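Down below is the structure, laid out as structure tokens.
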Amino acid sequence: MHVVVVGGGFGGIKAALELSKRQIGKITLISDESYFLHHATLYATATGKSTEESVIPLNVIFAHHPNVEIVQDRVSAFDPHRNLISSKKKDYHYDKLVLALGSVTTFFGIEGMAEHAYGIKSLEEVRKFHEHIHDEVVTKKLDKEYFVIGAGPTGIEMAGALNTYLQSLKSIYRLKNSHSKVTLVEAAPQIVPRMSKTAANKVGTALKNQGIKVLTNHKVNALGADAITIDGKDFPTTTAIWTSGVANNVFFKDNAEHFHLAPNGRVNVNPYLEALDDVYVIGDNNTVPFSGMAWPALKQATHVAKNIARVATKRHQVKFRAHSVPSGLPVGDAWGYVEWHGIYIAGRAGAFTRRLMELYGYCQLVPYKVALPVWRAHDLSAVDE
């Protein structure tokens, strides 16, 4: 059996690893990058921390999995009738196909956002942001106000880290006349809209205690080179970071004739996580409850690998049952919040629990001895690399 897995995130890598362990045949992992990118830690990498906690080369992850072939490519076309998935360069034949392509950024048509906003969803975006901050420090012209757009977990993580980073830069470079502040903007009535009201209240208080301004029920109308427009009013700034808005990977829209898409663009799948015969869609790409986070992607990947192994040995597949998972986020270096089933941990204990959750995630991809130094890299600055 030849299984093709597309996607180098948590879901795709975990599926390939679990399939490899089960010795079901040849596995081809197709990813558009040569490394795994830990998106949940890019907020730290973007604000002066080491890149080592955000990047793990795929050849390190699969060093002891010779039955996995890693291919750096970007797929674009799909022919389920011939069991082919294709890029501009090559066709890939599969017996089973696992699609774990992740999500992409959408700016909701906001004027100027794509042209002027900074992002933290790729290494290229992080480098661009670093260069911008470096230029500001060199010219000693920090913005009076830095805007983080979107108060989901990524936005809150970024706002807290950026606030700490700016305070550090002011001290190191003696920018005595700088009075920069960070403002977090959210269009919804509460921050972390997918979490509880308790989370919103606790996290909101932590943000304000750290000097971060929080605006809820505020809509960003436009972004220019030197100003942002919020609810019709202009605020001077050259630094706005977009952390809001994700859409399903464009692969599914481009091949919509083969999938049953929900109104949000995600793929409807059967109880076995199949979108079609021999085609599984997992993680951010499907409509399964709780999809969109790392841990559910890991669970779905493991389940799909087990089912493919069952099919290979002439057994029936088992239905997938979605379960809620803990969710959490840090605010700055020493405060965090984690909740699950109505129970929460906040403060320093919350920050430590969130860090342990990250270590667990690394250990799902690489052995503990490899995961530990990657996890500890969070405490290193970029200049230490």
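Any value given below was found using the heavy atoms of this structure, including those in side chains, with hydrogens, waters and symmetry copies removed. Note that the structure is predicted; figures quoted are calculated from it, not measured.
Using a distance-only test at 3.5 Å, with no hydrogens or angles considered, a donor-acceptor pair links the side chain of His130 to the main chain of Thr45. Side-chain atoms of Asn285 come within 3.5 Å of backbone N or O of Leu101 as a donor-acceptor pair. Although no hydrogens or angles enter the test, the distance criterion places no donor-acceptor pair under 3.5 Å between the side chain of Glu111 and the main chain of Ala222. Between the side chain of Arg310 and the backbone N or O of His316, at least one donor-acceptor pair lies under 3.5 Å.
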Validation: residues 165-173 side-chain donor-acceptor distances under 3.5 Å, sequence neighbours left out:
residue: Lys170; atom: NZ; partner: Ser180; partner atom: O; Å: 3.0

Show every donor-acceptor pair shorter than 3.5 Å between a side-chain atom in residues 17-25 and any protein atom, with sequence neighbours excluded, or say none if there are none.
residue: Glu18; atom: OE1; partner: Arg22; partner atom: NH1; Å: 2.7
residue: Glu18; atom: OE2; partner: Lys14; partner atom: NZ; Å: 3.0
residue: Glu18; atom: OE2; partner: Lys21; partner atom: NZ; Å: 3.4
residue: Ser20; atom: OG; partner: His65; partner atom: ND1; Å: 2.8
residue: Ser20; atom: OG; partner: Asn67; partner atom: OD1; Å: 2.7
residue: Arg22; atom: NH1; partner: Glu18; partner atom: O; Å: 3.1
residue: Gln23; atom: NE2; partner: Ser20; partner atom: O; Å: 3.2

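Here Asp278 pairs with Lys96 in a salt bridge; the nearest charged N to carboxylate O distance falls below 4.0 Å. Between Arg354 and Glu157, at least one side-chain N (NZ, or NE/NH1/NH2) sits under 4.0 Å from a carboxylate O, which counts as a salt bridge.
Side chains of Glu358 and Thr41: no donor on one and acceptor on the other come within 3.5 Å. Residues Gln300 and Asn286 bring a donor and an acceptor atom of their side chains to less than 3.5 Å of each other. Counting only N and O atoms by type, the side chains of Ser196 and Glu339 include a donor and acceptor under 3.5 Å apart. A donor and an acceptor atom, one from each side chain of Tyr146 and Glu136, are located under 3.5 Å apart. A donor-acceptor contact closer than 3.5 angstrom links the side chains of Ser86 and Asp91. Counting only N and O atoms by type, the side chains of Thr216 and Gln190 include no donor and acceptor under 3.5 Å apart.
In Tyr344, the OH atom is not crowded: 12 or fewer heavy atoms of neighbouring residues, nucleotides or ligands sit closer than 6.0 Å.
Exactly one residue among Leu29, Val98, Leu97 makes a side-chain contact (heavy atoms from CB on, under 4.5 Å) with Val4. That residue is Leu97.
Within the structure, ring-ring contact (aromatic ring centres under 6.0 Å, His included) pairs that include any residue of residues 347-366 comprise His38-Tyr362, Trp295-Tyr360 (at least two apart or interchain).
By the 30° and 60° cut-offs, the orientation of the rings of Phe147 relative to Phe235 is tilted. Ring geometry for Tyr43 versus His378: interplanar angle of 30 to 60°, hence tilted. Below 30°, between 30° and 60°, or above 60°: for Phe259 and Phe78 the angle between ring planes is below 30°, a parallel geometry.
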